[in-house]
Structure formats: C-alpha cells, structure tokens
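In what follows, a single structure is set out as structure tokens and then discussed.
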Amino acid sequence: MNETKGTLKPTLSENVHGLIWKIVLNEKNYLLGAESRDAENKQVYFSVFNYSNGQKYFINKPLYERWNLNMVHLSESSLLIKVYPDEGKPVNKGIIALDCKTGDVKWEKHNIAFHNVWEEGLEVYNPDLLPKRLLLLEIETGDEIHNNDRSPLNSSIIFPDQHDQNIIPEWLIHSEIVGSVFYVKINERNFLSFHENYPNGLQLRLVVYEGVEILLDDILLEGIQKLQPETFFIVQNHLFCMKGNNKIISYLV
C-alpha cells in the first residue's frame with residue numbers, strides 16, 4: 001500500500017483480524033466499535049477504541065459463538081451483540097453485552113431477539129411467543145424496565161454526496177476516473193474520494209484539501225475489481241476511513 005501524503009495525522013490507526021464488516025460509534029464518549037470477520041476460519045472478532053486519542057480498550061475479541069454474531073450498539077460502557085441460531089436465518093436467539101473497556105461479558109440473555117435501540121434502552125422480544133410483545137431492557141444490566149417513551153438515537157454522521165468527476169479541481173493530478181466521485185465540503189476543507197483505473201485494477205483514493213493545499217492524499221484500496229460504495233464519513237470533526245479492508249483510521253480535521 002502506498003505511503004500516505006499530507007499533513008493530517010491520525011488520531012486512531014489500528015489493524016484488526018479479518019475483514020472489517022461493521023463500525024458503530026458512541027459519539028458522546030468518542031468510542032468506536034468494530035466487527036471484523038475471518039471467513040476462512042469462520043471467526044468473528046470485536047474491538048473497541050477511543051477515536052479521539054487512539055486508546056485501545058480491547059482488540060480482536062472472539063466469543064464462544066464463532067460466526068453467527070452481529071454488533072448492534074455501543075453505549076458508554078457496553079457493546080451489544082446479537083446472536084443468530086444459524087447462518088442465513090434472520091431471527092436471532094440472544095443478546096450478549098460486553099464491557100466496552102475490557103471485553104468481558106457483562107450479561108447475556110437467551111431466547112430473545114433484537115428489535116431496536118432507543119435512548120431509553122434496548123428493545124427486544126421473544127421470537128417463540130405470538131403475538132409479538134416488545135420489552136425494554138436496561139442496556140448496562142439487561143434488566144427489564146417499564147418505560148413507554150421511545151426516543152431515537154441522535155447521530156451527527158456526515159456522508160459524502162455523489163458527483164461526476166468535474167468536482168475534482170483541475171490542479172489535482174489523477175488517472176482515469178471510474179464511477180462517481182464522493183465529495184463533501186465542511187467549512188473550507190474539501191473531502192473527496194474516487195476510483196482510478198490502472199492496469200492491475202482499480203484503486204480507491206482519498207484526498208483532503210483546503211484551497212490548493214493537500215492535507216491528505218492516500219490510497220485506501222488497490223488492485224480491486226469492483227467500485228466501493230462506502231468510502232469515508234465524518235463525525236465531530238473526525239474523518240473515518242478503512243484502508244486495505246482491515247485497518248481503521250480516523251483523522252482530526
């Protein structure tokens with residue numbers, strides 16, 4: 001992978017096992033949870049970091065269930081994971097809550113299915129009972145609570161819009177562009193990513209600039225055959241991207 005160019009320095013840069021599958025954030029506490037998958041060995045791993053200062057709380061944590069797992073929420077102290085009965089079956093059979101600072105299991109409940117997460121708690125149901133009856137659990141303990149309020153979780157995530165290649169400044173040297181250019185401008189800083197065509201395949205490039213000064217110029221993927229639909233996003237003045245399928249990076253921008 002080519003060397004990163006520019007003056008921006010990462011606040012977080014970590015490699016995880018397998019392919020990065022999902023990212024969840026807790027914006028209030030600057031926490032990032034990562035789910036990564038090793039398809040060859042059928043193993044899922046979980047990791048939690050502080051994306052503001054780069055602190056690593058735990059990384060590549062496996063569980064007793066190796067594969068049929070999915071991360072759903074990250075609170076200030078718990079990472080919530082739903083468990084599936086069998087691959088390909090959408091109804092899940094349990095919830096596991098990990099301590100987001102140690103990776104230890106705080107609580108787990110079987111024979112319940114994930115439905116949603118609200119500000120007030122975790123909404124679940126028993127898939128074996130009809131009609132469906134929704135219950136609200138306290139996220140940190142797993143105890144049932146009685147509250148009829150349901151407030152959506154707030155998020156300040158900014159995703160880029162799709163543009164044609166005319167959005168790229170004339171002074172920026174690049175190879176043949178394939179597909180759309182992903183672009184967003186925040187204050188005076190411009191963020192864009194695009195796919196360039198090379199003999200060995202496509203490469204995904206991320207560029208941040210202000211005026212004519214390049215603050216970041218990096219190749220996130222190279223030698224790929226398909227366009228990547230999700231390339232970067234911004235939260236609380238932090239730019240997030242994935243490099244080489246298994247590296248998580250954030251920059252203070």
For Q55, is there any backbone N or O sitting under 3.5 Å from a side-chain donor or acceptor partner on N53? yes
Counting distance only, does the side-chain N/O of N26 pair as donor-acceptor with the main-chain N or O of L74 below 3.5 Å? yes
If hydrophobic clusters are built from ILVMFWY residues whose side chains come within less than 4.5 Å, do V48 and I248 share one? no
Assess the side chains of Q236 and S156: does a donor N or O sit below 3.5 Å from an acceptor N or O? no
Nearest 0.5 Å please: distance from the OG atom of S175 over to the CG atom of L202. 11.0 Å
Taking the side chain as every heavy atom from C-beta outward, state whether L79 and V24 have any pair of such atoms under 4.5 Å apart. yes
If every non-hydrogen atom of W67 is compared with every non-hydrogen atom of Q43, which pair is closest and at what distance? CE3-N, 3.3 Å
Side-chain touch I95/L137, heavy atoms, less than 4.5 angstrom: no
Would you find more than 12 non-hydrogen atoms of other residues, nucleotides or ligands less than 6.0 Å from N187 atom CG? no
Starting from the C-alpha separation in whole Å, work towards a yes-or-no answer on side-chain contact (heavy atoms from CB on, under 4.5 Å) for K93 and N68. CA-CA 10 Å; K93 67 174 183 180; N68 300 319; over 6 Å; no
Kindly indicate, with the supporting measurements, whether the criterion side-chain contact (heavy atoms from CB on, under 4.5 Å) is fulfilled by L135 and I112. CA-CA 10 Å; L135 305 174; I112 62 169; 6.0 Å; no
Can E35 and N70 be counted as having a side-chain donor-acceptor contact under 3.5 angstrom? yes
K185 side chain to Y183 side chain, donor-acceptor N/O pair below 3.5 angstrom: no
Heavy-atom distance under 4.5 Å between the side chains of F232 and V184, does that happen here? yes
I'd like to know whether E119 forms a side-chain hydrogen bond (donor to acceptor under 3.5 Å, both in side chains) with S151, so could you lay out the CA-CA distance, the side-chain angles of the two residues, the decisive distance to 0.1 Å, and finally the verdict. CA-CA 5 Å; E119 290 286 353; S151 307; over 6 Å; no
Using 0.5 Å steps for rounding, measure from the CG atom of N60 to the NE2 atom of H17. 4.0 Å
Check this for me: E144, atom CD, are more than 12 non-hydrogen atoms of other residues, nucleotides or ligands nearer than 6.0 Å? yes
Does the W107 side chain pair with the main chain of I139, one donor and one acceptor, at a distance under 3.5 Å? yes
Donor on one side chain, acceptor on other, N116 and E123, under 3.5 Å: no
Over all heavy atoms of both residues, which pair between K22 and V72 is shortest? Give the atoms and the distance, please. NZ-CA, 4.1 Å
Without swapping roles, check the side chain of N29 against the backbone of L31 for a donor-acceptor pair under 3.5 Å. no
Nearest heavy-atom approach of L220 to M242 is CB-O, 3.6 Å
Is the shortest heavy-atom distance from the side chain of L206 to the side chain of K243 under 4.5 Å? no
Of all the heavy-atom pairs spanning Q162 and S180, show the shortest one and how long it is. OE1-OG, 3.1 Å
Gap separating the CD atom of E65 from the CD1 atom of I81, nearest 0.5 angstrom: 11.0 Å
Dump the intermediate steps for side-chain contact (heavy atoms from CB on, under 4.5 Å) on L98 and L63, then the final yes or no. CA-CA 10 Å; L98 301 184; L63 296 178; 4.0 Å; yes
Say whether, by atom type as modelled, one donor and one acceptor occur between the side chain of S78 and the main chain of E140 under 3.5 angstrom. no
Is any side-chain heavy atom of I224 less than 4.5 Å from a side-chain heavy atom of K226? no
Going hydrophobic residue to hydrophobic residue with side-chain gaps under 4.5 angstrom, can you get from V208 over to L204? yes
In short, Y84 meets L69 closest at the heavy-atom pair CD1-N, 4.3 Å
Side-chain contact test, heavy atoms from C-beta onward, threshold under 4.5 Å: evaluate it for F114 versus L122 and give yes or no. yes
Any N245 side-chain heavy atom under 4.5 Å of L221 side chain: yes
Starting from V253, can I reach Y209 by hopping between I/L/V/M/F/W/Y residues whose side chains sit under 4.5 Å apart? no
Please say yes or no: joined through hydrophobic side-chain contacts below 4.5 Å, possibly via intermediate residues, are I167 and I186 part of one cluster? no
Rounded to the nearest 0.5 Å, what separates atom CD in E40 from atom CG in L19? 13.0 Å
Side chain R205, main chain E196, donor-acceptor under 3.5 Å: no
Go through K106 and S77 one step at a time and tell me if the side-chain contact (heavy atoms from CB on, under 4.5 Å) criterion holds. CA-CA 10 Å; K106 294 179 66 175; S77 61; 3.5 Å; yes
Is there side-chain contact between E120 and L136, with heavy atoms separated by less than 4.5 Å? yes
Which heavy atom of A34 sits nearest a heavy atom of I23, and at what distance? CB-CD1, 3.8 Å
Rounded to the nearest 0.5 Å, how far apart are CD1 of I249 and CG of L12? 8.5 Å
Going only through I, L, V, M, F, W and Y residues with side-chain contacts under 4.5 Å, is there a path from I20 to M71? no
ring-ring contact (aromatic ring centres under 6.0 Å, His included) partners for Y51, two or more places apart: Y30, H238, F240
ring-ring contact (aromatic ring centres under 6.0 Å, His included) filter on H115, not counting sequence neighbours, yields none
Sequence neighbours excluded, the answer for ring-ring contact (aromatic ring centres under 6.0 Å, His included) partners of Y57 is none
Interatomic distance, CZ@F182 vs CG@L192, rounded to 0.5 Å, equals 11.5 Å
